[in-house]
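Every chain is numbered from 1, with letters handed out A, B, ... down the list of sequences.
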2 protein chains.
Amino acid sequence: MEILEALPAFAALAQETRLETLSVLAKTGPKGLSAGSLAGCLGASAPTLSFHLKELTRAGLIHSRKEGRSVIYAVDYGGMRGLIDYLITDCCHGDRRLCGPYIVNPNAG
Amino acid sequence: MEILEALPAFAALAQETRLETLSVLAKTGPKGLSAGSLAGCLGASAPTLSFHLKELTRAGLIHSRKEGRSVIYAVDYGGMRGLIDYLITDCCHGDRRLCGPYIVNPNAG
DNA sequence: CTAAAATTTCCATAGTTATGGAAATATCAA
DNA sequence: TTGATATTTCCATAACTATGGAAATTTTAG
């Protein structure tokens, strides 16, 4: 992932409703949840949640599919992995002091 | 880390100059760099960089110390670890499909 | 004390983001 | 076709963010 992809992804995480949406979808897994269920579960109006789901989609962190009259949203595994990898590898250079117990490139420094 | 701490931290990463600043400071380590060196190295005006350094500080990702007439900024190891941990543990629930090669809580799901 | 250097604060401006009501679109059921 | 359901788009508004010139602050050197 390049910095110009990482920026909108971090921006997507920088908003409470979106971060909660992502957490819910991460826990839900590939089967996903409808826009309506998410709105109910998160206490947001339909237009507001639609706006945030579009932002998360644009950032590559979720994707959607249509099922009947619902739109089902699910976390995008590749996008999320890419973002975590950007943070740990490109931003923190795999430095154990920054990344703590998570991985870590033994050649970092 | 709680969500209300994570939000300003993600917002801090969602801006090109700040993300580059953090990358430079992560690579530099605890000895840090002066505000002026950073401004030169990143091509930002002094007031603009000062604004971004304040944002990064507010987010808990860097901290500063005075040395003579310079202010030296360095990455905050605890803050960065807290953020990575929030992303992997609270947001992604340690799910290997999301976190890829990093970590991973074997009881996640 | 005076001058120079390093950084921040103040300020105005332009641009971006979040919100939800109303209307539009799409799908299904009878 | 009519009506109900699900979601998005349109729109106006309020709030927030990024930028850099000018001025203020702090520190050091002479």
statement: Heavy-atom nearest nucleotide on DNA chain C taken for A:A14 and for B:V71; more 5' hit belongs to B:V71
statement: Taken to the nearest whole Å, CD/A:E20 to P/C:dA18 is 14 Å
Interatomic distance where CG belongs to B:L42 and P belongs to D:dA18 [whole Å]: 15 Å
B:L83 and B:F10, any side-chain heavy atoms less than 4.5 Å apart: yes
task: Would you kindly give the CZ-to-C1' distance between B:R18 and D:dA18, to the nearest whole Å?
output: 8 Å
message: So B:E55 and B:P8, do their side chains get closer than 4.5 Å, heavy atoms only?
response: no
query: Rounded to whole angstrom units, what separation is found between the CZ atom of A:F51 and the P atom of C:dG20?
result: 12 Å
- prompt: Just wondering, do B:E20 and A:I3 contact through their side chains at under 4.5 Å, heavy atoms?
  reply: yes
message: Whole angstroms only, please: what is the CG-P distance between B:L19 and D:dA18?
response: 13 Å
- prompt: Side-chain N or O of B:Y73 less than 4.0 angstrom from OP1 or OP2 on C:dA6?
  reply: no
- request: Nearest whole angstrom, please: distance from the C1' of D:dA15 to the CD of A:E16.
  value: 16 Å
query: So does B:E16 pair up with B:R18, basic N to acidic O under 4.0 Å?
result: no
task: For B:S34, answer base if it contacts any base atom (sugar-phosphate contacts may also be present), sugar-phosphate if it contacts only those atoms, and nothing otherwise; contact means non-hydrogen atoms under 4.0 Å.
output: sugar-phosphate
message: I need the CG-P distance between A:L7 and D:dT17, as an integer number of Å.
response: 16 Å
query: If only side-chain N and O atoms of A:R69 are considered, is one of them under 4.0 Å from the OP1 or OP2 phosphate oxygen of C:dT25?
result: no
query: So does A:Q15 get a side-chain nitrogen or oxygen closer than 4.0 Å to the phosphate oxygens (OP1/OP2) of D:dA15?
result: no
- request: Can you sort out which residues in residues 43-50 of chain B have a heavy atom within less than 4.0 Å of DNA chain C? Ascending by number, please.
  value: B:A46, B:P47, B:S50
Side-chain N or O of A:H52 closer than 4.0 Å to phosphate OP1/OP2 of C:dT17: no
task: Answer whether the closest heavy-atom distance between the side chains of B:I72 and B:S64 falls below 4.5 Å.
output: no
field: Residues forming a side-chain contact (heavy atoms from CB on, under 4.5 Å) with B:S50, sequence neighbours excluded
entry: none
message: Output the rounded distance in Å from CG (B:L53) to C1' (D:dA18).
response: 14 Å
message: Tell me whether the side-chain N/O atoms of B:K66 come closer than 4.0 Å to OP1 or OP2 in D:dT26.
response: no
query: Considering only heavy atoms from C-beta outward, does the side chain of B:V75 approach that of B:M80 to under 4.5 Å?
result: yes
